[in-house]
Amino acid sequence: MNSRKKLIAGNWKMNKTSADGVALVNDIVAAVGKQADVDVVVCPPFTAVESVGRALEGSEVKLGAQNMHFEASGAFTGEVSAPMLRAIFATHVILGHSERRTLFGETDELVNKKVLAALKNQLKPIFCVGETLGERESGATLKVVQTQVERGLEGVNKDQAASIVVAYEPVWAIGTGKVATTEQAQEVHAYIRGLLTKLFGDAIAQKVRILYGGSMKPANAPELLAQKDIDGGLIGGASLEARSFVELVNAAVAAK
Ligand code: PEP
């Protein structure tokens, strides 16, 4: 038992039109929109962030984006900035997701610039780290995660650190149906908390939520969420339907 409030975040990726997104959150809000025991965040694609935000008004469910540029404005065709997201009342932003790293070439250095820009603009980063299957099989998991955490959070100060959410997402478990065992997940979560302790001190490290991501479903969530250092989930596939997402929120309420 710890004092960290659990957090369930939905990463819709490139799914849902604006209208479909509003319909989905209407169902989520009807089911869990008033509970405050667990933090709930939905991260629609950019075209739906504003409309979904309006549909969330008056509920406890928070709004996030899936990416952003580190500059505030300028000649960056196709990008959006932290102030733009703040202006439509987003509170969170997913940064360094493995799909951004592998498909769009995002490096630790780029992710770090985005983390710093998000924090400067009072957006809470959901900062993703995790190893590939090859890295796990060669025994490099902890080293890979260490490098991602240290480089990604470089320059973050102690005042900012508590508002960061870290998501441990083993790349081999994302969208594959393969889930890390509770022991594998807890080991890395505890290791990340140790890294955060070295960077920011124990008091802050104890406040930072570390989410698990990678094929989390209602069936496997209770066991994962019962682990000491697993403070919630970053949910891809199961966040696209109200029923499974709401079940995950309820699993987190039960595990709190
Ligand atoms: C994700 O992409 O962040 C994720 C965890 O996806 P899934 O739940 O579908 O594995």
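The shown structure was predicted, so the numbers you read here are calculated from the model rather than taken from an experiment. We use all heavy atoms of the structure for the numbers below, so side chains are in, but hydrogens, waters and symmetry mates are not. All ligand and atom numbering here is 1-based and tracks the order in the structure.
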Closest to atom 9 (O) of ligand 1 among protein heavy atoms sits G237 N, 2.8 Å
Logged contact type for A173 with ligand 1, heavy-atom cut-off 4.0 Å, is backbone
**Asked** Charged N to carboxylate O below 4.0 Å: is that the case for R136 and E131?
**Response** yes
Atom 3 (O) of ligand 1 has as its nearest protein heavy atom E169 OE2, 2.7 Å
Near G214 (heavy-atom distance under 4.0 Å), the atoms of ligand 1 are 5 (C), 10 (O)
Any heavy atom of N11 under 4.0 Å from ligand 1? The part involved is side chain
protein heavy-atom neighbour closest to atom 1 (C) of ligand 1 works out as H97 NE2, 3.2 Å
Taking distance alone, with no angle check, do M216 and ligand 1 share an N/O pair under 3.5 Å? no
Pairing of D27 and R243 as salt bridge, 4.0 angstrom limit: no
Would one find an N or O of A238, backbone or side chain, under 3.5 Å from an N or O of ligand 1?
no
In this structure, atom 8 (O) of ligand 1 is nearest to the protein heavy atom G236 N, 2.8 Å
The protein heavy atom nearest to atom 2 (O) of ligand 1 is K13 NZ, 2.6 Å
Worksheet entry | Within-cut-off N or O pair, T176 and ligand 1, under 3.5 Å | no
